[in-house]
Amino acid sequence: MSSTLERTGRRRPSWLRGTRGRIAGLAVVVVLVVAVVVACGVGPGGLGGGRDAGDPVPVLGDGADAGVTGVRAPSDADGGTLRVVAGEIDSLDPQRSYSPGVWNLMRLYTRTLVTYSPVPGETDSLVPDLATDLGSTPDNGLTWTFTLREGVRFETGQPITSRDLKYGIERSFASDVIVGGPTTVVDLLDDPADPYPGPYQDETPDRLGLASIETPDDRTITFRLRSATPDFPAVLALPSSSPVPIGSDTRESYGGDPVSSGPYAITSIDPETGIVLDRNPEWDRATDEVRTALPDRVVVRTRLSGLDRDQALLAGSADVDVAATGVTMPTQARLAEGAAGDVPLTDRVDEVTTGAVRLLALPTDVAPMDDPACRAAVAAAIDRGAVQQVLGGADDALATSRLWPAGLDDGPEETDPAADPAAAREALGICGLPDGFSTVLAVADASASVAVAEELARQLAEVGIEVEVRALPAATFYARDVGDPDNVRAQGFGMVLASWSAVVPTPSAFLVPLVDGRAVSRVGNTNYARLVDPAVTGLVDAAVAVGPDAGAARGAWREVATAATATGAYVPLVETRVQLLAGQRLRNAVVMEPYSGYDLATAGVR
């Protein structure tokens, strides 16, 4: 496996840690020459030529947002090659990837106990996959039991058993070898008093493995969690919870030849030309109600820039972009005025709100942000509309005043108050600093983030709050610079500009790492404001106690979000939006909300 395809990322050890960095910065404006066809040949059925041999290249366009609530260009025809373009692939090892776009790709060759629905408009809902149902819990989410389907097999013909699922999850505990992927299961299933070291250092008699997962027979698996977690099935939908056959595990090299449990198997990997997946003959359509697996082959061209991916889609040499970042700003301008034949390019676009919320955190242990009135002054001075314009306008950012992603129903009311300089000055007087104060705003050194930080500094200066924008290396920003509470205090970071997205699309996954005082950690901290409020913590416990009843739970988590916002520790700003462009011949295009892209598991080309 090349270093390009097998890069190791940092661990994210906090419970339900969010996916940061999934939204790439906007590219610089360049001239996009649509007429140039990208030559991306990777062998038979590759990206070169813009078509399968002998196939016509129709230009399909069902209208704007056709894939959001419906199916774009529906068809049940098998065959052909689905041509995918991508940026960097962090890892093809399901336990080592932390990229939503790669997780989408993994739907082709990994299966989990539960997964996300392929039904339009319901793609944030869970459905059974390897399991027969969504699991049962007799104690409000502390214990979960699942039963596997019969007849499910790996590409080797070996039956998939509960022990394979347990082993796949155990790999995430080997923090010295399996690094880069989500570690949510580690925090939910490990015993702090006696940490499990992972399967490679397991010295228990007969290698019994992780004690909190029981496999009494081949089709039954039971999880005993450290604390009640009604959203646990969403954690099991991550590729990191997929099965791995013990005898095929090559440790850190497993991503070079992962064993398929899905409808396709990886048959070729080349860091320059890409990845080829062919049909897995051991996959049985009768055991899989999620994946239609229409193409005969899937070819993924990797390491392409955003502009190159856009150009391939426009020129007809690619069908779908799996990068989860949407088209670049230059391409947005082209879409507004262009057409392919008689089809306006806007008819091939789906706009998606991603769940990645950009927010201003005000650390409550750094003066003067330890005073609620000073925090209120900051919040009152903010003009979200101006921040939205800095990021490209409504097509690229949704202004929000809620600690709640737009894709989740039943959230707090969206107020989005306008900037109120008079209220800001009044609050400054209450906090004892009527002439304002000076502070430091920490921001990742990325062009879009720095631009937002500078706009915030301009707005705050109007009420006497002088802000030093300090751009810090993006590679260390979350891990060390703002993820270390001691460093935040030592550096006097009174403000932190962060982007936050939950690892699974549930209110608890979004809120707990941000607002629960017990989530504050010394390493990789995600409670950026260091909000430790007994009232908020009590509401978190009350929401967890509601149990698996989704409707009642939403109401309880809404109270958590409302109470946390009222502390002024976080000032939500905007939620990132992306525009997805469907390739000319892409069929069955359904927008998969958790991955901010078209669902590869149901896509076709005929």
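Quick note: numbers below take in every heavy atom, side chains included, and nothing from hydrogens, waters or symmetry partners.
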Non-neighbouring partners of Pro128 that pass side chain to side chain contact (heavy atoms under 4.5 Å, CB included), sequence neighbours left out: Leu134, Arg149
Sorted by chain and residue number, the salt bridge (Lys or Arg N to Asp or Glu O under 4.0 Å) partners of Arg224 (sequence neighbours excluded) come out as Glu214
Could you pull out all residues at least two apart from Asp484 that satisfy salt bridge (Lys or Arg N to Asp or Glu O under 4.0 Å)? none
Sequence neighbours excluded, the answer for side chain to side chain donor-acceptor pair (under 3.5 Å) partners of Thr220 is Asp217
If we ignore hydrogens and angles and just use 3.5 Å, is the side chain of Lys166 paired with the main-chain N or O of Ile221 as donor and acceptor? no
Donor-acceptor pair, distance only, cut-off 3.5 Å: does the side chain of Asp218 make one with the backbone of Thr161? no
Residue list, side chain to side chain contact (heavy atoms under 4.5 Å, CB included) with Thr156, at least two apart or on another chain: Phe154, Gln158, Val259
Ignoring hydrogens and geometry, is there a side-chain-to-backbone donor-acceptor pair from Glu575 to Val357 under 3.5 Å? no
Decide yes or no for Trp500 and Tyr478: does some side-chain heavy atom of the first lie under 4.5 Å from some side-chain heavy atom of the second? no
Check: Thr526 side chain, Pro513 main-chain N or O, donor-acceptor pair, under 3.5 Å: yes
Is any side-chain heavy atom of Phe223 closer than 4.5 Å to one of Leu189? yes
As an exercise, state the distance from CG of Leu581 to OG1 of Thr328, rounded to the nearest 0.5 Å. 10.5 Å
With sequence neighbours left out, the residues meeting salt bridge (Lys or Arg N to Asp or Glu O under 4.0 Å) with Arg111 are Asp129, Asp288
Side-chain donor/acceptor of Arg285 to backbone N/O of Pro263, under 3.5 Å: no
Judged by atom type as modelled, is there a donor-acceptor pair below 3.5 Å linking the side chain of Gln95 to the main-chain atoms of Gly168? yes
Backbone of Ser260 reached by a side-chain donor or acceptor of Glu155 within 3.5 Å: yes
Other residues, nucleotides and ligands only: do more than 12 of their heavy atoms fall within 6.0 Å of CZ on Arg219? yes
Per side chain to side chain contact (heavy atoms under 4.5 Å, CB included), Val591 is matched among Val71, Asp65, Leu580 by Leu580
Taking salt bridge (Lys or Arg N to Asp or Glu O under 4.0 Å) as the definition, give me every residue that meets it alongside Asp296, ordered by chain and number, with sequence neighbours left out. Arg279
Any side-chain heavy atom of Ile266 sitting closer than 4.5 Å to one from Pro258? yes
For the CG atom of Asp202 and the CG atom of Leu208, what is their distance to the nearest 0.5 Å? 7.5 Å
Student check: side-chain heavy atoms of Ser449 and Arg358 closer than 4.5 Å: yes
Contacts of Asp176 meeting side chain to side chain donor-acceptor pair (under 3.5 Å) (sequence neighbours excluded), chain-then-number -> Gln201
Distance alone, cut at 3.5 Å: any donor-acceptor contact between the side chains of Tyr200 and Asp249? yes
So CG of Asp191 and OG of Ser212: to nearest 0.5 Å the spacing works out to 8.5 Å
Roughly how far, to the nearest 0.5 Å, is the OG atom of Ser99 from the CG atom of Asp90? 5.0 Å
For the pair Ser91 and Ser97, evaluate side-chain hydrogen bond (donor to acceptor under 3.5 Å, both in side chains) and give the outcome as yes or no after the intermediate values. CA-CA 5 Å; Ser91 180; Ser97 173; over 6 Å; no
Are the side chains of Thr123 and Val590 in contact, using a 4.5 Å heavy-atom criterion? yes
Say whether, by atom type as modelled, one donor and one acceptor occur between the side chain of Arg348 and the main chain of Ala582 under 3.5 angstrom. yes
Taking the six-membered ring of Tyr595 (Phe, Tyr or Trp), confirm whether the NZ or CZ of Arg107 is under 6.0 Å from its centre and within 45° of its axis. no
Can you check whether Trp103 reaches Pro594 side chain to side chain, under 4.5 Å on heavy atoms? no
For Pro195, side chain to side chain contact (heavy atoms under 4.5 Å, CB included) partners two or more places apart: Asp190
Got a second to check how far Ile169's CD1 is from Leu113's CG, nearest 0.5 Å? 7.0 Å
Should Tyr116 and Leu126 be marked as a side chain to side chain contact (heavy atoms under 4.5 Å, CB included) after you check the CA-CA gap, both sets of side-chain angles, and the distance that decides it? CA-CA 5 Å; Tyr116 291 107; Leu126 294 175; 3.7 Å; yes
Taking Gln579 for the side chain and Gln332 for the main chain, is one N or O donor matched with an acceptor at less than 3.5 Å? no
Under 3.5 Å, is there a donor-acceptor pair between the side chain of Arg585 and the main chain of Asp319? no
Are the side chains of Val298 and Thr81 in contact, using a 4.5 Å heavy-atom criterion? no
Does a side-chain heavy-atom distance below 4.5 Å link Leu188 with Thr229? yes
Candidate list Ile213, Thr112, Thr215, Leu130, test side chain to side chain contact (heavy atoms under 4.5 Å, CB included), partner Leu165, passing option: Leu130
Of all heavy-atom pairs between Leu294 and Ala77, which one has the smallest distance, and what is that distance? CB-O, 3.8 Å
Output side-chain donor-acceptor pairs under 3.5 Å for residues 233-247, partner residues at least two apart or in another chain, one line each.
residue: Ser241; atom: OG; partner: Val235; partner atom: O; Å: 3.2
residue: Ser242; atom: OG; partner: Pro239; partner atom: O; Å: 2.7

Taking side chain to side chain donor-acceptor pair (under 3.5 Å) as the definition, give me every residue that meets it alongside Thr147, ordered by chain and number, with sequence neighbours left out. none
Tell me, please, which residues at least two apart from Tyr598 pass side chain to side chain donor-acceptor pair (under 3.5 Å). Asp350
